[in-house]
Amino acid sequence: MERFCSDLLPGKHILKNPDKKSNGLTIMNQKLMKLCMVLCLIIRSAYVFSQEPKNNIKGIVVDETGSPMPGVSVQLSDKSASTSTNTNGEFSIVTTASKGILIFRMVGYMAQEVAAESGRTLSVKLEADNKTLNEVIVVGYGAQSKRNVTGAISKVDMKKTADLPNTSVTQSLRGRVAGVQFTDNGRPGQNGSILIRGPRSLSAGNNPLIVLDGTIYNGVISDINPNDISSMEILKDASSAAIYGSRAANGVILITSKRGVSEKPIVNFNTFHGISSPGYKINLLSPERYIEKILDYRREAGLPADPEKIETYMANNEAANYIAGATVDPYDVGTQEHSGMNAFDLNVSGKSANTNYFVSAAMTNERGIIVNDNQKKITFRVNLENKINSWMTVGTNTMYGKRDFSGIQANLDNLFQLSPYGSLYNADGTPRQYVIDGENVAGNPIYHAYYRDNEQIQNNLFTNFYAVLNAPFLKGLSYKLNVSPNIRWLNTYNAVRQDENLTNNTKTASKSLTNYYDWMIENIVNYNKQINSDNHIDLTLLYSRDAQRFESTNANASLLSTDALGWNNLGLGETQTVASGGQKVSGVSYMARLNYRLMDKYLATVTFRRDGSSVFSNNNKYATLPSAALSWLVSEESFIKDVQAIDLLKLRVSYGAVGNQAITPYQSMSKIGTQKIVYGDGGTSSLAYYPLNMANDNLKWESTYTTNIGFDFELFKGRIGGSLELYKMKTKDLLVTRALPRMTGFVNVLANLGQVNNEGVEVTINTVNIKKNNFEWRTNLTFSNNKNEIVHLYRSDTNGDGKEDDDIGNNWFIGKPIGSYFDYVFEGIYQEGDTDLPAGYKPGYVKVKDMNGDGVIAADDRAIIGQGQQPKYRWGIANDFSYKNLTLSVFVNAMQGWISSFGLIGRGPAERSLNFIDYGWWTPENKSNTRPSLMHENKYGHNYYLSRNFVRIQDVSLVYNFSKPLIEKMKISHLKLSLSGKNLYTFTDWIGADPESGAIDRDSLYPMPRTVVVGLNVGF
């Protein structure tokens, strides 16, 4: 071949001096010969190159903590070859020389030159250059350097919460991420609620999507052990979240579990032990105030009210207890001793040339504030990865969690109505059913806790099996297969024993079994290529299938012949019922994402996703959701590089669409209901069938379109850094249950209508305030503001005023936020001597404002009082102080600009033998202008509203790391002792249990626990 081509090269043939008089055929032959010459040059070059020896130099790049670094530029010093590290920090570069110098570069880290040799596997550690520390950010189906991220992604620093007594990973979000609202009710094992950039949907879900170890996770987030988590990212804009398409409208939380980082096996042991008490006790009527309540009510009602005869105004057993001086404190009755937590966690991790492993086991025992409100949790995790050969890697991330909530809690509704003179126990020591003679509303808060047995256990097995194939024939091309089954099974068993003080048969039992089975199969192709020194592409393609199945069985038996067997023999019941149900959802997805980098300062991301789901009608099974983002590293420009104060300055712009499919299945279809009917006295029962709902063949996805502008900055060699986000989201085709005229035969139908907008600003600032000698002070500040607005609903104007009608029944108002309160405007309390009392009103009644000034209080005098689902402003500030081996961390969390209704502020009928929240009341002697009298009739049915604003000392921790000489003597790798407190104090005017949860019903007024914990962390 070489000889043949050499004969065609210039100088060998007449092509060197062609005949100028050649005819057309000769000219064509000349062109053909020229083409052959070019082809031969290419073939010859390839032949020569193929004869040269090729050497493959491999290695891994890690940061100072040992974590793999993706996106690091790797180049031979002679510039003959270059590449970049993959998501695991690994690289492979081909060279014709057996030796050479490799140069490793990453913005935020010092460039490093390493001598390389063929056949040798390198391990390179890059050190920060005291400018910006470019964290590795998980972006969904891959990872990127923070420098190269184009979307709005917030990374949660798990190290900052590692020493806190967080029993759920969600608690790490509380106030620490701008734009993310996490609210908790304080109960053991509860997930709380998460809201990212405000509510979007009116009827469908507003919960974010959880992605665990790269695959969608439908289980309970509390099952994930916080100590197993290495990183957590929040995808907030459409560009970053669009890769998850139809499930990403409410944002995405990416959780990545830990891996081995050292060839030497590392053993870590963590334990926490703490005590809890109510952070705030609702101020109930004391025995003295309870007596005042009785007397004040009777005076206002015109009844005898002689303090010397108070026992005659009380129930019989109340009077007896009053005379005997016997009182009860509701908190002593309903709260349990030794509230707190004990937690143990052990993990082992390591890696070798071909194997990476992380194995953990954890146990947590939480005792809540309220009697029998407990959680026992165990979790296990195995992360195992093995490199089969140079082009194939297989692994699994497997987790099992079991949570035990067994036990019947004290009844909060009865607890907060418990008379201080009530009787809790019968003569034989068993709990009474009612604490007041003749008052059937005043139930005993511990009655069911005593007579009922309960077993409530939730199990969760989640795993992700994966295989990664790196194409040997094309550098940078890989294929990954994810197979992710998730099985969850729950059982709730209840049994009621016989109350021997009652004549009726109280023995009942029930069993409820629920099973969930989800699976997802994902096929992911990735091509990551450094084309040349200026151009880099990263292409990801996805095809996936998924399904979720649910089934439940409930069996009940009453009038049992014996309670000895509890729920283990329902056949002993005289009356037995059974019910069962099930459903299935399936989906299919296609996705393509292209990341492009030009000159390492101009970045672009384009994403296209198409999803199909069985929950929607045949006409709209599929949705197409595109997005795009651009980013400019301004600090890499020549006119900025010389500015010493600027380390990093990046501008990001994105726009895209994401969807919401969070509805239960079969709602677009017409379903059949059943009912048993008995014809005549003693007749047999027949099963009747009837249409249950109206079908909607045009039901489709909610879609959210988001525009996001972001700025990232680092100044003064990393002393100041942060980000600013500006966004606007439009959610259209809302999934809404719309009321129908009864003449249609149906009450409502699920339909698409309306639009909701969210727009806001998010600020994150990190500063190193002092860094000298052995002392360091760092501050992290987050602030966010979200404006939520219903733009339109039904586009109807029935009253002809030129404005779209509000949906008052659902509290949906055009131009106002979701969760707005619409009511009469409180204007004080009518006092004695007032001449403007309406008919039937008395001094002490509430005065409401005449909004239209017509002199009559009517429905059209109502107005928007405020918003309640989310605050207008959220902010948090964390300060970390370090001196030698001692670190003090203080975090303050705040939410402001929201209210909540409180009914009659927890008050029951004043004439009944019931307790309530002591917020005061109007009397002729105490002329309150904020609280009504005890006989206020509330003729307009208005509510009372209180501010939910609060500033909370959320977390405080003091950590001591024992010195290196000491731990070396003890032959351990590290030893750390911590003292931490959670929910230490809350500054608020809220009179309920907690302003964050905003609970207003008596049975939801769970006290937020104040917890103090001692922790120990040992590494071997």
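Values below: every heavy atom of this structure, side chains too, minus hydrogens, waters and symmetry copies. Keep in mind it's a predicted model, so treat the numbers as computed, not measured.
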When you compare the side chain of Pro199 with that of Asn758, does any pair of heavy atoms fall below 4.5 Å?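 Result yes, sub-4.5 Å side-chain heavy-atom pair found.
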Query raised in the report: Do Val951 and Gln896 come close enough that some side-chain heavy atom pair is under 4.5 Å?
Result: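 Side chain of Val951 against side chain of Gln896, heavy atoms only: contact under 4.5 Å found.
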Are [X] and [Y] close enough that their ring centres sit under 6.0 Å apart?
X: Tyr543; Y: Tyr590; result: yes
X: Tyr945; Y: Tyr821; result: yes
X: Phe950; Y: Trp990; result: no
X: Trp812; Y: Phe822; result: no
X: Tyr794; Y: His792; result: no

Contacts of type side chain to side chain contact (heavy atoms under 4.5 Å, CB included), residue Leu594, not counting sequence neighbours: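 So Leu594 forms a side chain to side chain contact (heavy atoms under 4.5 Å, CB included) with Ile537, Leu539.
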Problem - Check: Asp733 main-chain N/O paired with Asn752 side-chain donor or acceptor under 3.5 Å - result: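 Here the side-chain-to-backbone pair exists.
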* Asked: Does Asn788 reach the main-chain N or O of Ile818 with its side chain, forming a donor-acceptor pair under 3.5 Å?
  ->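 Yes, Asn788 side chain to Ile818 backbone: donor-acceptor pair under 3.5 Å.
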Apply the test side chain to side chain contact (heavy atoms under 4.5 Å, CB included) to residues Ile877 and Phe891: give CA-CA distance (whole Å), side-chain angles for both, the deciding distance (0.1 Å), then the verdict. CA-CA 6 Å; Ile877 183 168; Phe891 175 64; 6.0 Å; no
>> Working to the nearest 0.5 angstrom, can you tell me the gap between Met669 CE and Leu699 CG?
In response: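 That separation rounds to 12.0 Å.
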Discussion item. Working to the nearest 0.5 angstrom, can you tell me the gap between Ser901 OG and Asp823 CG?
Written reply: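 Atom-to-atom, Ser901:OG and Asp823:CG are 8.5 Å apart.
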Between [Y] and [X], is there a side-chain donor-acceptor contact under 3.5 Å, judged purely by atom types and distance?
X: Arg952; Y: Thr986; answer: yes
X: Thr183; Y: Ser193; answer: yes
X: Asp546; Y: Gln548; answer: yes

Salt bridge (charged side-chain N to carboxylate O under 4.0 Å, His left out): pairs with one or both residues in residues 858-874, sequence neighbours excluded
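Non-adjacent pairs meeting salt bridge (charged side-chain N to carboxylate O under 4.0 Å, His left out): zero.
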Practice task
Just grab all the side chain to side chain donor-acceptor pair (under 3.5 Å) pairs involving residues 616-630, residues at least two apart or on different chains.
Solution key: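 The answer is Arg610-Thr624, Asn619-Asn698.
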Practice problem: Classify the angle between the aromatic ring planes of Tyr940 and Tyr824 as parallel (below 30°), tilted (30 to 60°) or perpendicular (above 60°). | Solution: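 Tilted.
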- Task: Kindly assign one of parallel, tilted or perpendicular to the pair Tyr705 and Tyr655, based on the angle between their ring planes and the thresholds 30° and 60°.
- Result: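 Rings of Tyr705 and Tyr655: parallel, as their planes differ by under 30°.
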- prompt: Among Arg174, Lys160, Arg176, whose salt bridge (charged side-chain N to carboxylate O under 4.0 Å, His left out) with Asp955 holds?
  reply: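 Among Arg174, Lys160, Arg176, the one meeting salt bridge (charged side-chain N to carboxylate O under 4.0 Å, His left out) with Asp955 is Arg176.
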Could you go through the side-chain hydrogen bond (donor to acceptor under 3.5 Å, both in side chains) check for Glu702 and Ser201 one step at a time?
CA-CA 8 Å; Glu702 286 185 356; Ser201 184; 2.8 Å; yes
Between Gln190 and Asp184, is the side-chain hydrogen bond (donor to acceptor under 3.5 Å, both in side chains) condition met? List the steps. CA-CA 8 Å; Gln190 303 304 305; Asp184 193 4; over 6 Å; no
